[in-house]
Colleague: 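Handing you this structure, nothing more for now.
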Amino acid sequence: MQRNLRLRHDITAAARKYFESRGFIEIETPIMAKSTPEGARDFLVPSRLNPGKFYALPQSPQLFKQTLMFSGFDRCYQVARCFRDEDLRADRQPEFTQIDLEMSFVEPDDVMKVIEELFLYIFKEVKELSDKEIKPDFTRIRWKDSMESYGTDKPDLRFGLPIKEISDIFKETSIKFFKDTLKKNGCIKSIVINDASLLSRKELEILTDIAKDCGAGGLLWIKTGYGLEFQSPVSKFLSETEKRDLIKNLNLKENNLLLIVADKFEVVCQALGTIRNYLGEKLKLINKDEFKFVWVYDFPLFEWSESEKRIVSKHHPFTKPDKNTICYLKSNPLKVNSLAYDIVLNGEEIGGGSIRINDSNLQKEIFNILELDEKRIEENFGFFIKAMEYGIPPHGGIAIGMDRMVMLLGGLDNIREVIAFPKTQSAVCMLTGTPSTVTEEQLREVFIKVIEENKEGKK
RNA sequence: GGAGCUGUCGUCUAGUGGUUUAGGACACAUGCCUGUCACGCAUGAGAUCGCGGGUUCGAAUCCCGUCAGCUCCGCCA
């Protein structure tokens, strides 16, 4: 733990030094901020001087950062505490730290360069990392390509096992569930494992369960035996043409194993992506000393939220649409891409950012597509749109999750390892017993009544 | 909200129905030794086996409930 907190300090210190040398200034923004309609659940703080009103702890300093751009600070950053009232995970705490930066007059490439150089600097300056003489490796991949080849928008590039599209091979198939899938505009994809003997019957059962957990109907396997003879539950339904095309397209050799999922695109990605990661660990394909950074870009601007039954921002509502696809904004917003980019390290998202909208009409249009009503927009973002109307510089930025980054650079697998006094999975501080009850007196002062019933509610 | 795993001295843990008066390591206390340095040696203190019920002649061990911790799904603009 001591080593971890020291590593964290060294990384933070190096980052500050780096930004300083690059002409960024560190500006603190309010922790008592405004509740936002989009995004994660807010932590609320009652206001004594304004009965019935609440501050919200910031999910990120996004609006403040952008407003600073409007005010002529063309390069600023902060080591910012952020708060999101959602359930915890091994890599997620309700209270966490971001290195958050914003720059004026930039393209995505400029922001990426700044971050790549930040990491190079960290790897050089932080002793624990420089001693190992490991060079970080940066690549870029389009969101669509990442989904196609790795089934996820945060691919782990420390190992291969790419996912291959094989829908076309089965256009004339007699295999019923393949036929059904293709009829419903689904797809068929496969992962090829070179040595079929690496996976026992029992392992295949486990993989099938993973696929089913991801919503797939199941997992089909095909082994290529001696003389490329196909062994599979569906082998007698495979035509000679299909076998020939599989061998040709997937470059199959003897003793290969194909793992195949046929379903909707999203389900296939989820299933084979999860299986791929499982196999990466299981087959020991991962070199734990490697640091593979990858920029994922060309994200969709929106996505469909099944739970809310409406379109929501994939990144956040201030993200600028890509000029090549903005023409679909009215006709089919889900086809619009954005100038957003995520940085992924060894299969974990450690940061994301975008070029922001700097046109008030476009910003209003985005809010409309998100079905935020006029009153809400005015209330929450009025000042923001007003500023845009006066003209603001084009700008963009990014936020890096400090805790997660230190965790990964330290070779750790739990975010609590790099946080002093972290919260348990039920969001409790073990040391102090926070959260705790308060006196009636305190509650009266802030005009709050606690409702006893299984759940406690504010106000 | 759902699924699963775990719960033994201060800490890490051994122990899966019967000499278990629950064993060890580190830490602690006392004494001895000692230019020692992850000191060594001896002695000692320290555990209602998370809690409540049940099964059994007998439960840390099996079952049920509960609480806590952890992992995952949902959730995380």
Side-chain angles (χ1 to χ4, degrees), chain A residues 1-2 33-43 56-63 65-66 82-96 98 100 152-154 206 209-216 266-267 270-271 273-275 277-278 281 299-308 310-321 333-334 338 340-342 348-354 356-357 363 366-367 369-372 376-377 380-381 384 397-399 401 403-404 407 412-417 419 422-431 433-435 454-455:
Chain A
M1 189 73 195
Q2 244 191 50
K34 196 179 180 74
S35 177
T36 51
E38 290 283 283
R41 212 172 277 120
D42 286 318
F43 280 102
L57 306 183
Q59 295 178 29
S60 92
Q62 189 56 37
L63 283 174
K65 264 195 329 181
Q66 289 189 238
C82 304
F83 306 85
R84 292 176 195 178
D85 187 6
E86 298 294 345
D87 283 8
L88 292 84
R89 286 284 189 285
D91 61 355
R92 244 163 53 191
Q93 284 272 304
E95 167 176 16
F96 59 101
Q98 284 182 178
D100 218 307
T152 173
D153 58 4
K154 41 181 186 176
I206 293 172
D209 287 343
I210 293 175
K212 284 180 178 167
D213 282 348
C214 294
E266 296 78 18
V267 173
Q270 175 93 46
T274 309
I275 285 172
N277 282 336
Y278 175 86
E281 284 288 342
F299 277 87
L301 184 62
F302 303 109
E303 63 189 342
W304 178 255
S305 165
E306 200 49 52
S307 57
E308 296 178 59
R310 67 175 181 107
I311 284 177
V312 296
S313 292
K314 179 122 185 134
H315 187 53
H316 61 50
F318 317 110
T319 302
K320 192 171 187 175
L334 290 171
S338 72
Y341 32 81
D342 275 0
E348 291 232 39
E349 183 193 330
I350 58 165
S354 62
R356 329 297 187 187
I357 296 167
Q363 185 67 70
I366 299 290
F367 283 143
I369 291 167
L370 295 171
E371 295 176 31
L372 298 181
R376 205 78 186 282
I377 296 170
N380 285 286
F381 308 112
F384 198 71
I398 190 167
D403 319 84
R404 211 178 275 180
M407 170 182 93
L412 304 161
D413 56 13
N414 198 298
I415 200 165
R416 281 181 240 106
E417 299 276 323
I419 296 175
K423 303 283 191 286
T424 66
Q425 191 159 41
S426 41
V428 168
C429 171
M430 288 278 257
L431 181 74
T434 311
N454 312 320
K455 282 179 184 171

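Note that the structure is predicted; figures quoted are calculated from it, not measured. Lettering follows sequence order; numbering is per chain, from 1.
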Colleague: Quickly work out the A:D42 CG to B:rC75 P distance and round it to whole Å.
Modeller: 18 Å
Colleague: For a side chain to side chain contact (heavy atoms under 4.5 Å, CB included) check, start with the C-alpha distance between A:I311 and A:E371, then their side-chain angles and the critical distance, and finish with the verdict.
Modeller: CA-CA 8 Å; A:I311 284 177; A:E371 295 176 31; 5.8 Å; no
Colleague: With no angle test and no hydrogens, is the base of B:rG74 tied to the side chain of A:R89 by a donor-acceptor pair under 3.5 Å?
Modeller: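 Between B:rG74 and A:R89, which were checked side chain against base, a qualifying N/O pair under 3.5 Å is present.
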Colleague: Find the distance A:D413:CG to B:rC72:C1' and express it as a whole number of Å.
Modeller: 14 Å
Colleague: Given atom CD of A:Q270 and atom P of B:rC73, what is their separation to the nearest angstrom?
Modeller: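 Result: 8 Å.
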Colleague: So does A:R416 get a side-chain nitrogen or oxygen closer than 4.0 Å to the phosphate oxygens (OP1/OP2) of B:rU71?
Modeller: yes
Colleague: Can A:E86 and A:R41 be counted as an ion pair, charged N to O under 4.0 angstrom?
Modeller: yes
Colleague: So which nucleotide from B:rA77, B:rC72, B:rC75 ends up closest to the side chain of A:A90?
Modeller: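 Between B:rA77, B:rC72, B:rC75, the one nearest the side chain of A:A90 would be B:rC72.
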Colleague: Return the nearest nucleotide to the side chain of A:M430; candidates are B:rG69, B:rC70, B:rA77.
Modeller: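 The nucleotide sitting nearest to the side chain is B:rG69.
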Colleague: Whole Å only: how far is the CG atom of A:D87 from the P atom of B:rG69?
Modeller: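 Taking atom P of B:rG69 as the reference, CG of A:D87 is at 13 Å.
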Colleague: How far, in whole Å, is B:rA3 from B:rG24 if one measures between their P atoms?
Modeller: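 My reading of the P atoms in B:rG24 and B:rA3 gives 41 Å.
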Colleague: Think A:S426 has a side-chain N or O under 4.0 angstrom from the OP1 or OP2 of B:rG69?
Modeller: yes
Colleague: Between atom CD in A:E281 and atom P in B:rC72, what is the gap in whole Å?
Modeller: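 Checked: the CD to P distance equals 13 Å.
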Colleague: Could you tell me whether the side chain of A:R84 has a donor or acceptor atom within less than 3.5 Å of a complementary atom in the base of B:rC76?
Modeller: no
Colleague: Starting from the C-alpha separation in whole Å, work towards a yes-or-no answer on side-chain hydrogen bond (donor to acceptor under 3.5 Å, both in side chains) for A:Q93 and A:D403.
Modeller: CA-CA 9 Å; A:Q93 284 272 304; A:D403 319 84; over 6 Å; no
Colleague: Hey, is the main chain of A:G215 close enough, under 3.5 Å, to the side chain of A:Q270 for a donor-acceptor pair?
Modeller: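 No; zero donor-acceptor contacts below 3.5 Å.
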Colleague: Taking only the side-chain heavy atoms of A:V312 (C-beta and beyond), determine which of B:rC75, B:rC70, B:rA77 contains the nearest atom.
Modeller: B:rA77
Colleague: Let's test this: given Watson-Crick or G-U wobble pairing with both distances under 3.5 Å, identify the partner of B:rA68.
Modeller: B:rU6
Colleague: Identify, between A:S313 and A:L88, the residue whose nearest nucleotide on RNA chain B lies closer to the 5' end.
Modeller: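 Checking each residue's closest nucleotide, the 5'-ward one belongs to A:L88.
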Colleague: State which of B:rU71, B:rG74, B:rG69 makes the closest approach to the side chain of A:Q425.
Modeller: B:rU71
Colleague: With both distances under 3.5 Å as the test, what is the Watson-Crick or G-U wobble partner of B:rU55?
Modeller: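 B:rU55 is unpaired by these criteria.
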Colleague: Using whole Å, what does the distance between atom P of nucleotide B:rG69 and atom CG of A:L431 come to?
Modeller: 14 Å
Colleague: Could you tell me how far B:rU21 sits from B:rC49 if I compare only their C1' atoms? Round to whole Å.
Modeller: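 Straight-line distance between the two C1' atoms is 15 Å.
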Colleague: Tell which nucleotide pairs with B:rG40, taking only Watson-Crick or G-U wobble pairs whose two distances are both under 3.5 angstrom.
Modeller: B:rC32
Colleague: Under a 3.5 Å cut-off for both distances, is B:rC76 Watson-Crick or wobble paired, and to whom?
Modeller: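 B:rC76 is unpaired by these criteria.
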Colleague: Please work out if A:D85 contacts a base, only the sugar-phosphate, or nothing of the nucleic acid, heavy-atom cut-off 4.0 Å.
Modeller: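 Nothing, no heavy atom under 4.0 Å.
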Colleague: Work out how far the P atom of B:rC70 is from that of B:rC37, and round it to whole angstrom.
Modeller: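 Going atom to atom, P in each nucleotide, I get 40 Å.
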Colleague: Using the C1' atom as the point on both nucleotides, what is the distance between B:rU8 and B:rA22, in whole Å?
Modeller: 8 Å
Colleague: Check every atom of B:rG69, B:rG74, B:rA77 against the side chain of A:V428 and return the nucleotide holding the closest atom.
Modeller: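 Given the options B:rG69, B:rG74, B:rA77, the side chain of A:V428 is closest to B:rG69.
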Colleague: Between C1' on B:rC75 and CD on A:E38, what's the gap in Å once rounded to a whole number?
Modeller: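 In whole Å, B:rC75 C1' and A:E38 CD are 15 Å from each other.
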Colleague: Can a salt bridge be assigned to the pair A:E38 and A:R310 using a cut-off of 4.0 Å between side-chain N and carboxylate O?
Modeller: yes
Colleague: Using a 3.5 Å distance criterion without hydrogens, assess whether the side chain of A:R84 forms a donor-acceptor pair with backbone atoms of A:E95.
Modeller: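 It does not hold such a pair.
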Colleague: Assess the pair A:F384 and A:F367: is the distance between their ring centroids shorter than 6.0 Å?
Modeller: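 No; A:F367 has its ring centre 6.0 Å or more from that of A:F384.
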Colleague: I'd like the C1' distance from B:rU43 over to B:rU36, given in whole Å.
Modeller: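 Their C1' atoms lie roughly 22 Å apart.
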Colleague: Taking B:rC9 as the reference, what is the distance to B:rU48 when you measure between their P atoms (whole Å, please)?
Modeller: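 Result for the P pair: 8 Å, nearest Å.
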Colleague: Tell me: CZ of A:F83 to C1' of B:rA77, nearest whole Å?
Modeller: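 Spelled out: CZ on A:F83 to C1' on B:rA77 is 18 Å.
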Colleague: Can you tell me the pairing partner of B:rA14 across any strand shown, Watson-Crick or G-U wobble, with both distances under 3.5 angstrom?
Modeller: none
Colleague: In whole angstrom, give me the gap between the P atoms of B:rU34 and B:rG18.
Modeller: 48 Å
Colleague: Suppose you measure atom C1' in B:rG52 against the same atom in B:rA60; what distance do you get, rounded to whole Å?
Modeller: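 So the two C1' atoms sit 16 Å from each other.
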